[in-house]
J.: 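Encoded as C-alpha cells, here's the structure I'll be asking about.
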2 protein chains.
Amino acid sequence: MSVPDEEPRRAQMLEAARQVIAERGFPGARITDVADRAGVSPALVIYYFKSKDNLLAEAMRQSEDLWYAEMSRRAAKIPTAAGRLEEVVAMTCHVSSEVVLEGSLELWLDLWAQALRDPEVRAVREESDEHFRETIRQIVRDGVTGGEFSGVDEDDFAVAYTALLDGFAIQVALGDPVVGPERAFDVAMQVASQQLGFAWEPRRARRRTSGKQPTRVRG
Amino acid sequence: MSVPDEEPRRAQMLEAARQVIAERGFPGARITDVADRAGVSPALVIYYFKSKDNLLAEAMRQSEDLWYAEMSRRAAKIPTAAGRLEEVVAMTCHVSSEVVLEGSLELWLDLWAQALRDPEVRAVREESDEHFRETIRQIVRDGVTGGEFSGVDEDDFAVAYTALLDGFAIQVALGDPVVGPERAFDVAMQVASQQLGFAWEPRRARRRTSGKQPTRVRG
DNA sequence: GAACTTGGACTGAACGATCAGTCAACACCG
DNA sequence: CGGTGTTGACTGATCGTTCAGTCCAAGTTC
C-alpha cells in the first residue's frame with residue numbers, strides 16, 4: 001500500500017504521478033513528467049515500478065484510497081447522519097476543497113475512461129465504487145436506526161444516490177456553465193432530504209461559483 | 001454536418017472513426033485504424049480532415065448528433081410523457097439496444113475525459129448535455145401540462161435526472177457487477193415515478209444481461 | 001473529336017518527433 | 001567488497017504528418 005515512511009521514494013513518485021495524471025490525463029501522462037516532478041531520472045521511475053502502466057494504475061489506486069480516507073476522516077467528526085451525508089456530497093461536488101483532494105474529480109473521468117480497457121484500472125474502479133456505495137448505505141442505516149431518516153430502501157437509495165453524485169461530479173469536474181458546484185450541491189441535498197425525509201435548507205453562506213439560482217424548493 | 005449522400009467519403013471516415021474510438025478509446029485511436037476500416041490510405045484521411053484531433057472531434061460530434069436523432073425518432077412515436085421518459089431511460093441504460101447506438105455509452109466516458117483538456121470536445125459535451133437536459137425538461141413540461149406529472153420543478157428535476165442517468169450510464173458502460181442495465185433501469189424509473197407522481201411497475205418481460213435481482217436485495 | 005490542360009482524389013514512401021524501456025557505469029554505504 | 005540506488009546515453013518502435021507524384025474525369029481549344 002506504499003506507506004510514505006517506509007517507502008518514501010515510491011510514495012513520492014506515486015504522488016507525482018497522481019498530479020501528472022490530474023494535469024495531463026491518464027493517456028497523456030509520461031514517465032518523464034513524473035520523474036521531473038519527483039526530481040529524479042526517468043530510469044529510476046522504471047526501476048521502482050516495472051512499467052508505466054503499472055505506475056499509473058497504482059497511482060490511481062492510491063488516489064482513490066486517499067480520497068476515501070479523507071472522507072472517513074471528515075465523517076468521523078460529524079455526529080448526525082444527515083451531516084455526514086452532507087459532507088460526502090460537499091466533497092463530491094467540490095464545495096469544500098482541500099489540497100489533498102486537488103484534481104480528484106478530474107481523475108475520476110480518466111479512471112472511468114481507462115477502466116473500459118485496462119483490467120487493472122477496472123478493478124480499482126469497481127472496488128472504489130462499491131466502497132462509495134457502502135459508505136452511503138452505512139450512513140443511511142445509521143440515520144434510520146437513529147430516527148433521522150425513514151421510508152427508504154437503503155440499497156436502492158445507495159445505488160441511485162452514488163449514480164447521482166457521479167453524474168454531478170462530471171458536471172463539476174468539467175465546469176459546466178449550467179450546473180456548477182453550488183447548484184449540484186443544493187440539488188443533491190434537496191433530493192436526499194426529500195427521499196430520506198429529513199429537513200434541509202440551503203445555507204447561503206457558501207459562495208457560489210457558477211450555475212443558476214435554485215428556484216424555489218419544491219412544495 | 002456531413003450528409004452521407006453529399007459527402008460520402010467524409011461520412012464513411014467519420015463512421016469508421018466512431019467505431020475505432022469506441023473500440024480503442026479516444027487517445028488510442030490511430031489514423032491508420034480509421035483508414036484501414038474505411039478502406040483508404042492514411043494520407044487520405046488527413047487530406048479530408050486536416051489533423052487527427054480534428055477528425056476525432058468531428059466524429060464525437062457526429063456520434064452525439066446520431067444519438068439524439070435516434071432519441072427524438074423514438075420519442076416521437078410514443079404518446080405519453082411517461083412513455084417517452086421511459087424510452088430515454090431505456091436508451092441510456094442500454095436496456096433496448098440498436099445497431100446505431102453501438103458503443104455510445106462507452107464513447108461518453110471518452111467524451112468526458114477528453115473534454116477536460118480538449119476545448120473542441122468540451123464544446124461538444126456541453127452542447128450535448130444541455131440538449132439532454134432540455135429533452136428531459138420538455139418531457140416533464142408536457143407531462144405536467146397533460147396532467148400525467150405533478151409537484152416538481154422541471155428545471156431542478158432535469159438537472160438532477162440527467163446527472164442520475166449519466167451516473168447509471170457509467171455503471172452500465174463499465175459492466176458493473178452490482179449495477180447492471182436492468183437494475184439501473186428499474187431504479188431510475190422508480191425515482192422518476194416517485195418524483196413526478198406517476199404509476200410505474202417494473203415489467204419482467206425484459207431479459208436481463210447482468211446485475212443483481214432488482215427487487216428485494218439483501219434481506 | 002483529337003490533343004491538351006486542369007484539378008481533385010488518392011497513394012506509397014519517407015521524415016521527424018516522441019517516448020517507453022534498456023544498459024553499462026558510477027556512487028554511496030554497511 | 002557487494003548490494004542498493006541512481007543516472008545519462010542510447011535504442012527501438014510507434015505514429016502523425018508531409019510530399020512528390022499517379023490516376024482519371026471533366027473541361028477547353030483548335
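Chain A is the first sequence line, chain B the second, and so forth, proteins listed ahead of strands; every chain is numbered from 1. Bear in mind that the values here come from a model prediction, so they are computed numbers and not experimental data.
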J.: Please determine if A:Arg125 and A:Asp118 form a salt bridge, counting it only when a charged side-chain N lies under 4.0 Å from a carboxylate O.
T.: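 Salt bridge flag = no for A:Asp118 with A:Arg125.
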J.: State whether A:Arg73 and A:Glu87 are salt-bridged, where the test is any N-O pair (Lys NZ or Arg NE/NH1/NH2 against Asp/Glu carboxylate O) under 4.0 Å.
T.: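 The answer is no: the pair does not qualify as a salt bridge.
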J.: Ignoring backbone atoms, test whether B:Tyr47 places a side-chain nitrogen or oxygen under 4.0 Å from the OP1 or OP2 oxygen of C:dG8.
T.: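 Answer no for this pair, as no side-chain N or O of B:Tyr47 is under 4.0 Å from OP1 or OP2.
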J.: In whole Å, I'd like the distance from the CG atom of B:Leu44 to the P atom of C:dA9.
T.: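 These atoms are roughly 9 Å apart.
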J.: Rounded off to whole Å, could you give me the CZ-to-P distance for the B:Arg10 and C:dG8 pair?
T.: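 Value for this atom pair: 16 Å.
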J.: Decide if atom CD of B:Glu134 counts as having more than 12 heavy atoms of other residues, nucleotides or ligands within a radius under 6.0 Å.
T.: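 Yes - once you tally the heavy atoms of other residues, nucleotides and ligands closer than 6.0 Å, there are more than 12.
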J.: A side-chain contact here means heavy atoms from C-beta on lying under 4.5 Å apart; do B:Arg183 and B:Phe168 qualify?
T.: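 Counting from C-beta outward, B:Arg183 and B:Phe168 never come under 4.5 Å.
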J.: Find out whether B:Tyr161 and B:Leu165 are in side-chain contact, i.e. whether some heavy atom of one side chain is under 4.5 Å from a heavy atom of the other.
T.: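 Of all side-chain heavy-atom pairs linking B:Leu165 with B:Tyr161, at least one is under 4.5 Å.
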J.: Let me have a per-nucleotide readout for nucleotides 19-24 of chain C, 5' to 3', with B, S or -, counting only protein heavy atoms under 4.0 Å.
T.: SSSBB-
J.: Checking all strands, does A:Tyr48 fall into the base, sugar-phosphate, or nothing category for heavy-atom contacts under 4.0 angstrom?
T.: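 Counting heavy atoms under 4.0 Å across all strands, the contact made by A:Tyr48 is with sugar-phosphate only.
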J.: Below the 4.0 Å mark, does D:dT4 have OP1 or OP2 next to a side-chain nitrogen or oxygen of A:Arg9?
T.: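 No, because none of the side-chain N or O atoms of A:Arg9 sits under 4.0 Å from OP1 or OP2 of D:dT4.
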J.: State plainly whether the residues B:Glu120 and B:Arg61 are in salt-bridge range, i.e. N to O under 4.0 Å.
T.: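 Between B:Arg61 and B:Glu120 there is a salt bridge, with a charged N closer than 4.0 Å to a carboxylate O.
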